[in-house]
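All figures in this text were calculated on a predicted structure; none of them were measured in a lab. What's counted below: heavy atoms across the whole structure, side chains too, no hydrogens, waters or symmetry copies.
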Amino acid sequence: MNDNKNLNNDLDHLSVALDVVLQSDSLTDVCRRAVLAPGTNNVFRGCHILSLDVTGQLVPEAYFGAELPSNYLEHAMNAVVTRNLEFAAETDTTAASISIPMINNGIPEAVAVLVMEPGTTEQYISPEIVPLISKVAGYHLDEKRASKEARVQTFSGKPSVEEMSTRQVKVLEFMAEGLTNAEIARRLLLSESTVRQESVKIYRCLNTDNRQEAVAQGRALGLISKLQQNG
């Protein structure tokens with residue numbers, strides 16, 4: 001009886017995971033659906049997708065919801081190395097989390113870190129279904145990268161300081177420093193609403209979906225480094 005119940009739970013979790021991955025239209029949407037999808041039973045507070053760069057370091061690529069716990073890196077890298085789910089139990093100072101590798105053609109390319117609700121004591125997802133989730137998610141990751149490259153190629157012109165207002169560039173600089181919208185608003189004597197509106201304009205100009213991507217794009221295009229050199 002317990003075996004049948006466990007099998008049903010695994011199938012339910014697998015179905016939810018596949019829906020989250022396959023119905024999403026971007027990596028940010030994957031993160032959003034992972035947190036908000038009804039089938040996850042409000043277990044997750046945040047989702048982060050981190051990609052492996054050419055040096056083997058994990059680089060943020062998309063996120064939604066709660067911030068990464070301070071101990072995420074060790075567990076995320078373990079998930080990549082073992083190619084399996086890694087569960088980090090809740091402590092007095094950090095939330096529980098699970099890390100799932102995203103594998104494409106047998107090679108780990110990224111990892112999804114799911115931040116769990118306070119009081120969570122179990123990893124929620126059975127290790128038996130992780131290999132399939134990892135492969136589907138890895139294929140989706142590769143697909144979305146190709147889609148993003150196509151969007152960048154058709155984007156009219158490269159963003160530059162001249163194409164953005166001085167205030168928008170300054171907001172981008174503060175984003176790079178890790179300031180919250182409230183902190184940026186205090187620095188620039190603006191309302192949080194105005195900062196959010198400027199952020200949306202920045203994302204649109206840089207052809208990105210969130211602040212982490214905007215900062216990465218800003219650095220790649222020299223917007224942030226140019227400001228720092230002139231400061």
The criterion is salt bridge (charged side-chain N to carboxylate O under 4.0 Å, His left out); which residues satisfy it with R45, sequence neighbours excluded? none

Under the salt bridge (charged side-chain N to carboxylate O under 4.0 Å, His left out) test, which residues partner R83, sequence neighbours left out?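 Here no residue qualifies.
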
Has K135 got its NZ or CZ under 6.0 Å from the middle of the six-membered ring of Y139, at an angle within 45 degrees of the ring axis? no

Please report the interatomic distance [atom1]([X]) to [atom2]([Y]), rounded to the nearest 0.5 Å.
| X | Y | atom1 | atom2 | value |
| --- | --- | --- | --- | --- |
| I103 | I133 | CD1 | CD1 | 11.5 Å |
| L114 | I49 | CG | CD1 | 9.0 Å |
| S199 | F174 | OG | CZ | 12.5 Å |
| L50 | M102 | CG | CE | 10.0 Å |
| I129 | L85 | CD1 | CG | 9.0 Å |
| N210 | M175 | CG | CE | 9.5 Å |

Polar side chain donor-acceptor pair, T55 to Q57, under 3.5 angstrom: no

[X] and [Y]: which non-hydrogen atoms are nearest, and at how many Å?
| X | Y | value |
| --- | --- | --- |
| E90 | P118 | OE2-CA, 3.6 Å |
| S70 | T94 | OG-CG2, 3.2 Å |
| A37 | V20 | CB-CG2, 4.1 Å |
| I202 | A214 | CG2-CB, 4.3 Å |
| S134 | P101 | OG-O, 2.8 Å |
| C47 | C31 | O-SG, 3.5 Å |

If you define the side chain from C-beta out and look only at heavy atoms, does anything of [X] sit under 4.5 Å from [Y]?
| X | Y | result |
| --- | --- | --- |
| S99 | N78 | no |
| V111 | I100 | no |
| E173 | V169 | no |
| V195 | L188 | no |
| R187 | L179 | yes |

Go through it in stages, so that I can follow the logic: the residues are V43 and E117, the test is side-chain contact (heavy atoms from CB on, under 4.5 Å), and I'd like the CA-CA distance, side-chain angles, deciding distance and then a yes or no. CA-CA 6 Å; V43 172; E117 284 288 345; 5.7 Å; no

[X]: which residues meet the side chain to side chain donor-acceptor pair (under 3.5 Å) condition with it, sequence neighbours left out?
| X | answer |
| --- | --- |
| T82 | none |
| R167 | E198 |
| R211 | N181 |

Taking [atom1] in [X] as the centre, count heavy atoms belonging to other residues, nucleotides or ligands within less than 6.0 Å. Is the count above 12?
| X | atom1 | result |
| --- | --- | --- |
| E177 | CD | yes |
| N105 | CG | no |
| E183 | CD | yes |

Is a side-chain N or O of [X] found less than 3.5 angstrom from the main chain of [Y], in a donor-acceptor match?
| X | Y | value |
| --- | --- | --- |
| S126 | E128 | yes |
| Q123 | I125 | yes |
| T91 | T93 | yes |
| H48 | G65 | no |

Joint hydrophobic cluster, L52 plus V81, side-chain heavy atoms closer than 4.5 Å: no

If you group Ile, Leu, Val, Met, Phe, Trp and Tyr by side-chain heavy-atom gaps below 4.5 Å, do V80 and Y63 land in one group?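 In one cluster: no.
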
In the hydrophobic clustering (ILVMFWY, side-chain contacts below 4.5 Å, transitive), which residues join L36, or is it alone?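 Traced through the cluster, L36 reaches V35, F64.
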
What verdict does the side-chain contact (heavy atoms from CB on, under 4.5 Å) test give for L206 and L172, after you've listed the backbone C-alpha separation in whole Å, the side-chain angles of each residue and the deciding distance to 0.1 Å? CA-CA 11 Å; L206 297 180; L172 181 62; 4.2 Å; yes

